[in-house]
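Read the structure below first, then the notes.
FYI, the numbering just counts along the sequence from 1.
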Amino acid sequence: GGVAANECWRRCSHESLPNRIHPRPISAEDSMLPEDPVRAFQLCYCGWLILSMLTSSSQYQLFYTWFHSSGIGLASKRGLGAHPSKLYGIITPPALTPLQMRA
């Protein structure tokens, strides 16, 4: 820690002003994302999904509470997509209560 920090401070304080204002470009080694563009996209996409879920889960829970008690026929069905269907054509997903949904 201390030796590396002192060396960095010594180098930075003796550099000319333009070098301190315009630091070196970020290289692939400095990046937090992997070099593989498919993997980088996958990480960004998953991060976006997590962020979206965290920021909208309370609104979703409010909607689900209303929808569960709305009396609409579709509210009693469970499945995938706009037209509820069994998982793999075999398994019917359970209907969760709003309390189970929050857990």
Notebook entry, point to check: Hey, any chance Met53 and Tyr45 share a hydrophobic cluster, counting ILVMFWY side chains that come within less than 4.5 Å of each other, even indirectly?
Noted result: no
Checklist line | Proximity of Trp66 and Phe63 rings by center, below 6.0 Å | finding: yes
Check: In Å, rounded to the nearest 0.5 Å, how long is the span from CD1 of Ile50 to OG1 of Thr55?
Finding: 12.0 Å
Check: Shortest non-hydrogen contact from His68 to Thr97?
Finding: NE2-CA, 4.0 Å
Note to self: Rounded at 0.5 Å granularity, tell me how far OH in Tyr60 sits from CZ in Phe67.
What the structure shows: 9.0 Å
Notebook entry, point to check: When rounded to the nearest 0.5 angstrom, what is the spacing between CG in Leu51 and SG in Cys46?
Noted result: 13.0 Å
